[in-house]
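What follows is a set of notes on a single structure, which appears directly below.
As the structure is a computational prediction, the values presented were derived from the model and not from experiment. All values below come from the heavy atoms of this structure, side chains included, with hydrogens, waters and symmetry mates left out.
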Amino acid sequence: MSGDIWSRQELARFLKSRRARVTPEQVGLPAGTSRRTKGLRREEVAVLAGLSPTWYTYLEQGRDIKPSVQVLDSLARVLDLTEDERRYMHTLVHGQVTNPQPLAGQGWTGGVIDLVVELMGHSEYPVYATDIYCDLLAWNEAAAEWYEDWSRLPPGHQNMLHWMLCSPLAKERLPDWESDTRDIIARWRSELAKWPHDERVTRKIAEFARLSPLFAGLWRKHDVQEHRSLTRRFRHPRLGEQTLRMALMITPDDPLVGLVVHCPL
């Protein structure tokens, strides 16, 4: 059996199982007294999701059709799927997840990334957390020494890309400032492909283009690069020129946030 056939059949089985656990009352339909179907009927799911009943029936039969991201999200809403289940559907159909949302915690109410930054607070090398908007969410004391004390920046300026583009200290601390800026913009463009409907992303792009002709020009070039470990040169105020290795770590719990850890070569 080919992988495509297995994925279609698995999606069909999955949809049937999720449909069976949703009661009519949950979606505002009368329960009735003569229902033979456990849970919702196919026709009811189709209507609630804005789909043709015949097309949805084909989907549950495992036929060779490929629902869009929007259709999958509509089905996830009607079937009251968890984020884990929604991601599973996306992976079955498209091989990846579009617009992943934070997963519900298992007895943990804080941010995992925040905890790691706190635990690494006394490291002599920078550690910071950032999100898909490049906002700086947490950092240790070493980050303030190697980069800048971002806590002193005004609201809205505690953002890595904003700092790279606008802070005079960025050019002073990073000997390869221009190539580092090209790199972060290319990696940001690649990451944003996962969030095509995020309006705040659109606003951030327009903001950076207004702030920096360099950003505007590089953005028009459409250079892309996946996240990977890399080295970055620094001009440390006490230690002189140093080169550190950087690694990005992302937890499935909150895909919007990543941890950047610096290590000596």
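Under 4.0 Å is where a charged nitrogen must lie from a carboxylate oxygen, and between Arg232 and Asp176 no such pair does. One finds a salt bridge joining Arg13 and Glu10 here, because a Lys/Arg side-chain nitrogen approaches an Asp/Glu carboxylate oxygen to under 4.0 Å. Between Arg182 and Glu178 there is a salt bridge, since a side-chain N of the basic residue sits under 4.0 Å from a carboxylate O of the acidic one. Using a 4.0 Å cut-off between charged nitrogen and carboxylate oxygen, Glu191 and Arg187 do not count as a salt-bridge pair. One finds a salt bridge joining Asp73 and Arg86 here, because a Lys/Arg side-chain nitrogen approaches an Asp/Glu carboxylate oxygen to under 4.0 Å.
A 4.5 Å side-chain heavy-atom check between Asp84 and Tyr88 finds every atom pair outside the cut-off. Proximity of Val201 to Lys204: side-chain heavy atoms (C-beta onward) are nowhere separated by under 4.5 Å. Counting heavy atoms from C-beta outward, Tyr147 and Leu136 have side chains that stay 4.5 Å or more apart. Leu92 is listed as a side-chain neighbour of Trp6, based on a closest heavy-atom distance under 4.5 Å. No side-chain heavy atom of Cys166 sits less than 4.5 Å from a side-chain heavy atom of His157. In this structure the side chain of Ser151 reaches within 4.5 angstrom of the side chain of Trp139, judged on heavy atoms. For the pair Leu165/Thr181, a side-chain contact is recorded, criterion being any heavy-atom separation below 4.5 Å from C-beta on. Between Glu60 and Thr57, the closest side-chain pair of non-hydrogen atoms is not below 4.5 Å.
The cluster map of Ile, Leu, Val, Met, Phe, Trp and Tyr, joined by side-chain heavy atoms under 4.5 Å apart, puts Tyr58 and Leu40 in the same cluster. Connection of Ile185 to Val224 is not established within any shared hydrophobic cluster, with ILVMFWY side chains joined at heavy-atom distances below 4.5 Å, either directly or through further cluster members. The hydrophobic clustering, which links ILVMFWY residues whose side-chain heavy atoms are closer than 4.5 Å, places Val97 and Val257 apart. Two different hydrophobic clusters hold Leu15 and Val47 under the rule that ILVMFWY side chains link at heavy-atom gaps under 4.5 Å. Note on Leu169 and Met160: separate hydrophobic clusters, where clusters join Ile, Leu, Val, Met, Phe, Trp and Tyr whose side-chain heavy atoms are under 4.5 Å apart, directly or indirectly.
Crowding of Glu199 atom CD: a count of heavy atoms from other residues, nucleotides or ligands under 6.0 Å not exceeding 12. Within 6.0 Å of atom CD in Glu141, 12 or fewer heavy atoms from other residues, nucleotides or ligands are found, so the atom counts as exposed in its surroundings. Around atom NZ of Lys16, more than 12 heavy atoms belonging to other residues, nucleotides or ligands sit under 6.0 Å away.
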request  = Determine, stepwise, if the pair His236 / Trp146 fulfils ring pair (Phe, Tyr, Trp, His ring centres under 6.0 Å).
outcome  = CA-CA 6 Å; His236 193 279; Trp146 288 78; 4.5 Å; yes

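A pairwise comparison of heavy atoms in Val69 and His94 identifies N-NE2, 3.8 Å as the closest pair. The shortest non-hydrogen separation linking Leu11 to Pro67 is CD2-CG, 4.4 Å.
In summary, the side chains of Glu226 and Ser190 do present a donor paired with an acceptor at a separation below 3.5 Å, with no hydrogens or angles considered.
Taking the six-membered ring wherever Trp is involved, the centroid distance between the rings of Phe208 and Trp219 does not fall below 6.0 Å.
Judged purely by atom type and a 3.5 angstrom limit, Arg19 has no side-chain atom pairing as donor or acceptor with the backbone of Gly39. In terms of modelled atom types and a separation under 3.5 Å, the side chain of Trp177 and the main chain of Met164 share a donor-acceptor contact. The backbone N or O of Asp183 lies less than 3.5 Å from no partner atom in the side chain of Trp188, so there is not a single donor-acceptor pair. Without hydrogens or angle criteria, Ser7 side chain to Asp4 main chain gives no donor-acceptor distance under 3.5 Å.
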Side-chain atoms of residues 237-248: list all donor-acceptor pairs with protein atoms under 3.5 Å, sequence neighbours left out, distances to 0.1 Å.
from, atom 1, to, atom 2, distance (Å)
Arg238, NE, Glu145, OE2, 2.9
Arg238, NH2, Glu145, OE2, 2.7
Glu241, OE1, Arg233, NH1, 3.3
Glu241, OE2, Arg233, NH1, 2.5
Gln242, NE2, Leu239, O, 3.1

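Annotation: salt bridge (charged side-chain N to carboxylate O under 4.0 Å, His left out) contacts of Arg173 (sequence neighbours excluded): none.
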